[in-house]
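Owing to the predicted nature of the structure, the values given are computational and were not obtained by experimental measurement.
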Amino acid sequence: MPLPPEDRHLSPRTGWTRAHWEAVADELLTAVRPYASPGQALIDLPGTGPSWSGRRSDGLEGYARTFLPAALRIAGAGGDDPHGLLDAYARGLDTGTRTPTAERGLTDGDPESWPLITDRGQAMVEAASIAFALRLTRPWLWDRLDAPVRDRVGRWLADALHRTPNDNNWWLFPLSVGGFLAEAGIEERAADAAVRRGLERIERFHLGDGWYTDGRPRAFDHYNGWALHLYPVLHAHLAADRPLLDEYGSRLAAHLADQAHLFGGDGAPVHQGRSLTYRFAATAPLWAGALTGHTPLAPGTTRRIASGALRHFVDRGAIDERGLLTLGWYGPEPRLVQPYSGPASPYWAGSGFLGLLLPPDHPVWTDPELPAPAEEHDTVRILARPNWLVQSTAADGLVRLHNHGSDDQPADQVRPDDPHYARLAHSTATGPTHDGPADNHLALLTDGAASERGRIEPVGCGPDWAASLSRPRVRGEELAGVTVTTVTVVHGADEARVHLVAGATPGTGVRQTGWAVAGRTAGAGPSAAPRAGACVSACVSADGGRLVGELTGLHGFTGAALLTVPGGTAFGPEAAVPVLDGVVGDDVLDDGAALFACAARLTGTVVLPPLEVRLEATGVGAGAGAGVGADGTRQLRLTWPDGTAHRIGIGPGTVSVAGSVSVGHSG
């Protein structure tokens, strides 16, 4: 892809400017035109089989999800449209609404008309993008359409006002359609009602501090930014509704204070949650904050994070040789594809071009880039609502998310663990395993199967720790009476994971895994003979440096190994995971619980001291892991390589941590 020259004076971190954003947008938008239907209503991109909504819906998705970035590009240029994109999208509006159909195939009836908008139908999602695009380009497109075409488009969109969405972020799609139709004078009462209803429904998901669940009780992911904040804020901005913008803008600002810490020094967003093929859509809320003035970030920080994310994916092959976004993370990655994903699904990333609505002389484009939080200094940040602990290190720019609160489990169903939610930790440089051993997971081994984590119940959090309780499942059934209480404590680039397994039968196997390090040559580093305290390392060359994952047993583990991962992860075709094994044994006390603990490290720098973390019992009793406090919890002292220490109290469903105390301190 031809790009403008870098500007390292204005953008010392990325070299990219507004011109780079425009060039990438132009490349993506012109590359899809050969795949448009004769009447321009469907854009049927090549790829694997259709989504569960069928090829006609996938073609509508191609139209709608490219129309939005086209609208952002053109509106940001004051209506300048050198590639004639608006003419193509105007033709598509005419063709697509002639005889809307419930048929799924492309050959039945009118081959180009769009699907009808139905209850919980995919067309409702795409209608929202079309509505926003029409709102943004109204002077140059909608206002110039022939009246019969406007009437047909209005009637097709208006169906979204009367249909039932899925009970999650989908409530925002009728809201988005209603915002446009109210301005256009079409079914104004129903349009206004859809806006009110959408805001009321998502209020049930808002937990405070700018964090929403996405319908399910503990579903936290990037949808917070690229949907649940973006849609209400953009609607309020376009409607010039100051009270509404202040309300939802303040939530956005609170979220951005956290979200800014979820991008690595290389620009990568944390690899967690669903719909990860949307990639740099994660930058949309950053731009929305700058656009509306509701952001805690300096303009140079906003551009640095956003440009870093866009460049991260462009440099790593997310756009193929045809100029198309692939279904994947870097290149194609089938394991990231959800059943609702069609070949054009990744173009939700187009909302990341929201920054082009800001004029070229805005400080977000003219101020020098400033470092992202992950580059400034080592940081530990608690995100209390999702019960996440975010740990970053400036030397390598890595961000690690320690998960003690997000599981994506429905309230009334039992679902298998989703690797993109259920892991103990996620990062900007690693992806979860899908085959072979589950990474970053504590499993009980019973009846020839490894347990899943199941529902995650937050136990608490503090300045440098977070804890949760889970009830392990095997083949969808909870192990009767068994719980696992886990606390993660972090220090620098290091982390400790302490687990209290209660109710498990003595002799039950226990397996702890570490980070899945991927690349072209994932392999073992130094490995000790299997014993308590054994250390294994997974090492790989990535981005010109070494990415190292280490795992060291501190208590309860008696074996160590390094396992390869079939097919690797989204970050590379080969991967390895360090593993510790143990058995529920004789240190079970009156509470019927066994203690297991390990230290772990994911780092991109080789200048760190050895991962020599010590764990000692400090309460009443004899033997490691047997110290008991007055409240009945296990009392432990965790000492890091630099000599600082934490005091930990852990019992079934209860955790306390006192941090960074000097060795030998009492009281």
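- Side-chain rings of Phe132 and Phe67 stay apart, their centers remaining 6.0 Å or farther from each other.
- A salt bridge links Arg335 with Asp435: at least one charged nitrogen is closer than 4.0 Å to a carboxylate oxygen.
- Taken from OG in Ser470 to CG in Leu424, the straight-line distance is 8.0 Å, to the nearest 0.5 Å.
- Two residues are said to be in side-chain contact when any heavy atoms from C-beta on lie closer than 4.5 Å; Val579 and Leu551 fail this criterion.
- Expressed to the nearest 0.5 Å, how far OG1 of Thr118 lies from CE of Met124 amounts to 7.0 Å.
- The aromatic rings of Phe353 and Phe280 sit perpendicular to each other, their planes meeting at more than 60°, with 30° as the lower class boundary.
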| task | Go through Thr430 and Arg400 one step at a time and tell me if the side chain to side chain donor-acceptor pair (under 3.5 Å) criterion holds. | result | CA-CA 9 Å; Thr430 63; Arg400 310 150 190 87; over 6 Å; no
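- For Val459 against Gly653, the heavy-atom pair with the smallest separation is CG1-O, 3.7 Å.
- Considering Asn168, Asn169, Asp167 as possible partners of Trp171, the one that fulfils the side chain to side chain donor-acceptor pair (under 3.5 Å) test is Asp167.
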| task | Apply side chain to side chain donor-acceptor pair (under 3.5 Å) to His404 and Thr488, showing your working. | result | CA-CA 9 Å; His404 289 274; Thr488 301; 2.9 Å; yes
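- Here the shortest heavy-atom pairing between Ala344 and Gly62 reads CB-CA, 3.4 Å.
- For the atom pair CZ (Phe220) and CZ (Phe205), the distance works out to 12.0 Å, reported to the nearest 0.5 Å.
- A donor-acceptor contact under 3.5 angstrom links the side chains of Ser275 and Tyr340, judged on distance only.
- Using a 3.5 Å distance cut-off with no hydrogens or angles, the side chains of Thr326 and Arg279 do pair a donor with an acceptor.
- In this structure the side chain of Glu495 reaches within 4.5 angstrom of the side chain of Trp515, judged on heavy atoms.
- Side-chain contact check for Thr505 and Thr508: no donor-acceptor pair (N or O, by modelled atom type) lies under 3.5 Å.
- The nearest pair of heavy atoms linking His499 to Arg497 is NE2-CB, 3.9 Å.
- Atoms CG and CG, from Asp396 and Leu602 in turn, are 7.5 Å apart once rounded to the nearest 0.5 Å.
- The two atoms that bring Val399 and Leu262 nearest to each other are CG1-CA, 4.4 Å, heavy atoms only.
- With respect to Asp407 and Arg218, no salt bridge is recorded, no charged nitrogen being found less than 4.0 Å from a carboxylate O.
- In this structure, Phe596 CZ and Asp581 CG are separated by 10.5 Å, a value rounded to the nearest 0.5 Å.
- A side-chain donor from one of Ser51 and Asp58 sits under 3.5 Å from a side-chain acceptor of the other.
- Asp159 has its side chain out of reach of Val177: every pair of non-hydrogen atoms, C-beta onward, lies at least 4.5 Å apart.
- A centroid separation of 6.0 Å or more is found between the aromatic rings of His271 and His426.
- Between the CG atom in Asp464 and the NE2 atom in His402 there is a gap of 11.0 Å [rounded to 0.5 Å].
- Look at Asp417 and Arg453 and you find no salt bridge, because none of the NZ, NE, NH1 or NH2 atoms lies under 4.0 Å from a carboxylate O.
- Checking each of Asn440, Asp418, Asp439, Thr513 against Arg423 for a side chain to side chain donor-acceptor pair (under 3.5 Å) leaves exactly one that passes, namely Asp439.
- In this structure, Tyr212 and His229 have perpendicular ring planes: the angle between them is above 60°, well past the 30° mark.
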| Which is it for Trp211 and Asn224 under the side chain to side chain donor-acceptor pair (under 3.5 Å) test, yes or no, and what are the steps along the way? | CA-CA 7 Å; Trp211 281 95; Asn224 265 271; over 6 Å; no
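- Across all their heavy atoms, Gly210 and Ala254 have their closest contact at N-CB, 4.1 Å.
- For Tyr330 and His312, the gap between ring centers is short of 6.0 Å.
- In this structure, Tyr347 has its ring center no closer than 6.0 Å to that of Tyr278.
- Arg204 and Thr213 form no side-chain donor-acceptor contact under 3.5 Å, judged by distance and modelled atom types alone.
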